[in-house]
There are 2 protein chains.
Amino acid sequence: MELRTLRYFVAVAEELHFSRAAARLGISQPPLSQQIKALEEELGGRLLVRTNRRVALTAAGTLFLDEAREVLARAERASRLVSRLGRGESGQLRIGFTTSVPLTSLLPRTLMHYRQRYPDVDLRMHELNSQRQITPLLEGDLDIGIMRRATLPPELSAFTLIREPLVAVVNAQSELGASDTPLSLAELATQPFVYFSPAAGTGLLDQFNVLFAQRGLTPRLVQEVGGPNTIISLVASGLGVSLLPESFRHIHIDNVRYRPISDADARSEVWLTHARHPLTPQAQHFIQLVREAIAD
Amino acid sequence: MELRTLRYFVAVAEELHFSRAAARLGISQPPLSQQIKALEEELGGRLLVRTNRRVALTAAGTLFLDEAREVLARAERASRLVSRLGRGESGQLRIGFTTSVPLTSLLPRTLMHYRQRYPDVDLRMHELNSQRQITPLLEGDLDIGIMRRATLPPELSAFTLIREPLVAVVNAQSELGASDTPLSLAELATQPFVYFSPAAGTGLLDQFNVLFAQRGLTPRLVQEVGGPNTIISLVASGLGVSLLPESFRHIHIDNVRYRPISDADARSEVWLTHARHPLTPQAQHFIQLVREAIAD
DNA sequence: TCGTAATGATATGCATAGCGTATCAAAAAC
DNA sequence: GTTTTTGATACGCTATGCATATCATTACGA
């Protein structure tokens, strides 16, 4: 017994006429008669009484009509559900992102596009620092991670979404806050620094260390903090200077001034990271949209 | 998409191994791979991830596994239910019978056999006189009627189950009750009669009338009643004599004596009647059992 | 590091299931 | 009685699904 058999039977049972049913099914009448006959033989009893040029359902046929409709409807439903899920039109997409990412316009824009295009996908955003995204990505608890540049295990793959300049964060009342002209890292390094503690897990700290070490500079850290907002607040209070990606300029706090860095390599990257092999269709679509957004 | 496809997919999803699944299905591995591939193309998304010599389900595949199992189970159930019903192993059987029929051993015996053999058939017995069985039989409200010989419309078909002699029912205190020897109808007709009213609808009245008319006899009816038990009671009270099929001897009432009738044609028939064309399998089985019981 | 085993994918040929055309048989309608 | 309707039957063909042979990739062991 196959679904085709059920479709044929339902057609005959509804039309109560073999030729009309065959026309509706787009086949000719003889094979339809044969299939119904075979079905009756398989079930071991008559489903239809063909008498006096009139076709009628037996009790068994009436029952089978209900059952066959039910089976067909379930099969149809299964196909529809799985098709949508498999095409990435439903299901879920879990994205990890760092604090700084919402400040760039790329992510909010792409998320908006994605939600418009795939409104039935359950989008789950998890704010996690770069380090803390790695394990969930490896274990399949996150589909996509958006993070600052970091050292990744080989099972993860990444590409650059954004490459943005670093800017000095200085107190407007201080000596360095008197101007808006570019500063060199060497100049900045003369000042007391407020920066992330290693426990904050941000990829920015690595970039920070590398940049200064390459120049033989060792800035004096007066305060280690957990998040960028704290950094900016402490700079506002005059505790020291700092160095952050340009997108943090969007955070306006009294007494804080952002100055460009003259060093050409003072840049930070935002990465899109994912486990290497089996990307879900939802993740593929998201990445596709991100790439299109970058291309603009 | 066919049920076969679903069976194949379930096998692969359960084994997570194409070759083992193919072995379980009794086919070779290549066609299995092809069918799964075709299924994935039809649904428009991957159901399985074949990676690193390991097969795993995607989210869509996990959903489809549940759905496919459900569809297959429903199809299986439909097949089982309808098969039983179509084979006459379940469903119902509606039998009409007259008052006198339970007195013969044939019907109780056959019913017992039928219930043993087809315990899941809902057997509905309706006590109805011969006339009142005809309409339900014609309209499909009864499958089988068991009745005394009657004139039937051509849409009904019948055969004889029992042919039994008639016996005289006489009062033990009366002149005719003094002996057990055979009586002729002519002798009996000299006595006042207790018999069925036409409203009782029994086929016995027809037979009664025919028998006496053929002999030019017109017995004097002193009382018309509705049922055989009343006849016997009234005979017991001395109101008159009567004529009933032999099986009524099973009703023992004080002061009633049954005497054989010497006329060879003084016989009554019990018929099994049914609508001509589409007998339900349940009715066919019942008739089969009755015929076997008669053959013994 | 290289060879070997395991495993799914691909290529190709064949058998059969299912379809179409032609025709029959029975019954109803005129 | 003739014609029409309609499901069943006969028969040939095609396409689907299967088997055999082989390939490609990867993991594993020496």
Side-chain angles (χ1 to χ4, degrees), chain A residues 1-43 45-58 60-61 64-65 68 72 154-155 157 275-278, chain B residues 1-43 45-58 60-61 65 68 72 75 154-155 157 275-278:
Chain A
M1 195 173 75
E2 294 296 337
L3 290 178
R4 180 167 22 79
T5 325
L6 301 187
R7 290 187 203 103
Y8 286 7
F9 174 74
V10 169
V12 176
E14 285 177 354
E15 298 285 345
L16 292 177
H17 194 288
F18 277 74
S19 304
R20 274 200 299 274
R24 194 174 107 184
L25 292 166
I27 63 173
S28 61
Q29 168 262 318
L32 182 56
S33 292
Q34 287 178 345
Q35 291 287 332
I36 300 295
K37 187 182 165 193
L39 175 62
E40 288 180 325
E41 276 167 13
E42 181 182 344
L43 294 174
R46 292 252 130 172
L47 299 173
L48 296 162
V49 188
R50 298 88 154 160
T51 173
N52 304 359
R53 80 171 14 185
R54 188 161 295 178
V55 177
L57 287 167
T58 63
F64 196 61
L65 176 58
L72 288 171
E155 292 87 355
S157 167
R276 279 199 184 277
H277 254 353
Chain B
M1 195 173 71
E2 293 295 336
L3 290 178
R4 179 168 24 78
T5 326
L6 302 187
R7 290 187 202 101
Y8 286 6
F9 174 74
V10 169
V12 175
E14 284 178 354
E15 299 285 343
L16 291 176
H17 194 286
F18 278 75
S19 305
R20 276 201 299 275
R24 192 174 109 186
L25 293 166
I27 64 172
S28 60
Q29 170 261 318
L32 183 57
S33 292
Q34 286 178 348
Q35 291 288 331
I36 299 295
K37 187 182 163 193
L39 175 62
E40 288 179 326
E41 276 167 12
E42 182 183 344
L43 294 175
R46 293 250 130 173
L47 299 173
L48 296 162
V49 187
R50 299 88 153 160
T51 174
N52 305 358
R53 78 171 18 183
R54 189 163 292 177
V55 176
L57 287 166
T58 63
L65 177 57
L72 288 171
E155 293 87 356
S157 165
R276 281 199 184 278
H277 252 356

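Excluded from the calculations below are hydrogen atoms, water molecules and symmetry mates; all remaining heavy atoms, backbone and side chain alike, are included. Computed from a predicted structure; not experimentally measured. We name chains A, B, ... by the order of the sequence lines, and we start the count at 1 in each one.
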>> I want to check something: taking the side chain as every heavy atom from C-beta on, are B:R50 and B:I36 in contact at a cut-off of under 4.5 Å?
In response: yes
From the candidates D:dG7, C:dC19, D:dC18, the one with an atom nearest any side-chain atom of A:P31 is C:dC19
When rounded to whole Å, the CG to C1' distance for the pair B:L25 and D:dG17 reads 14 Å
Review point. So what does A:Q35 touch, heavy atoms closer than 4.0 Å: a base, only the sugar-phosphate, or nothing?
Key: sugar-phosphate
From NE2 of A:H17 across to C1' of C:dA28 the rounded distance in Å is 13 Å
Going through the checks in order, is the side chain to side chain contact (heavy atoms under 4.5 Å, CB included) test met by B:V55 and B:E15?
CA-CA 9 Å; B:V55 176; B:E15 299 285 343; over 6 Å; no
Below 4.0 angstrom from OP1 or OP2 of C:dT10, is there any side-chain N or O of B:K37? yes
Between B:L65 and the options B:V12, B:L47, B:V10, the side-chain contact (heavy atoms from CB on, under 4.5 Å) test singles out B:V10
Out of D:dG7, C:dG8, D:dG17, minimum distance to the side chain of B:R4 belongs to D:dG17
Taken to the nearest whole Å, CG/B:L32 to C1'/D:dT20 is 16 Å
Separation of C:dA17 atom C1' from A:I36 atom CD1, nearest Å, is 16 Å
Atom CD of B:E42 and atom P of D:dT16 are separated, to the nearest Å, by 13 Å
_Could you check whether the side chain of B:Q29 and the base of C:dA9 have a donor-acceptor pair of N or O atoms closer than 3.5 Å, going by distance alone?_
yes
Looking at B:E14 and B:R20, is any side-chain nitrogen of the basic one under 4.0 Å from a carboxylate oxygen of the acidic one?
no
Hey, does B:S19 reach any base, or is it just sugar-phosphate, or nothing, if we go heavy atoms under 4.0 Å?
sugar-phosphate
Taken to the nearest whole Å, CZ/B:F18 to C1'/D:dT25 is 15 Å
Under the side chain to side chain contact (heavy atoms under 4.5 Å, CB included) criterion, do B:Y8 and B:L39 qualify, and how do the steps go?
CA-CA 10 Å; B:Y8 286 6; B:L39 175 62; over 6 Å; no
From OH of A:Y8 across to P of C:dC19 the rounded distance in Å is 4 Å
A:Q34 atom CD is separated from D:dG12 atom P, nearest whole Å, by 14 Å
Is A:S33 near enough to D:dA8 that one of its side-chain N or O atoms lies under 4.0 angstrom from OP1 or OP2? yes
Against the side chain of A:I27, the closest entry in C:dA9, C:dG20, D:dA8 is C:dG20
Regarding the side chain of A:R50, the nearest nucleotide among C:dT21, C:dA11, D:dA8 is D:dA8
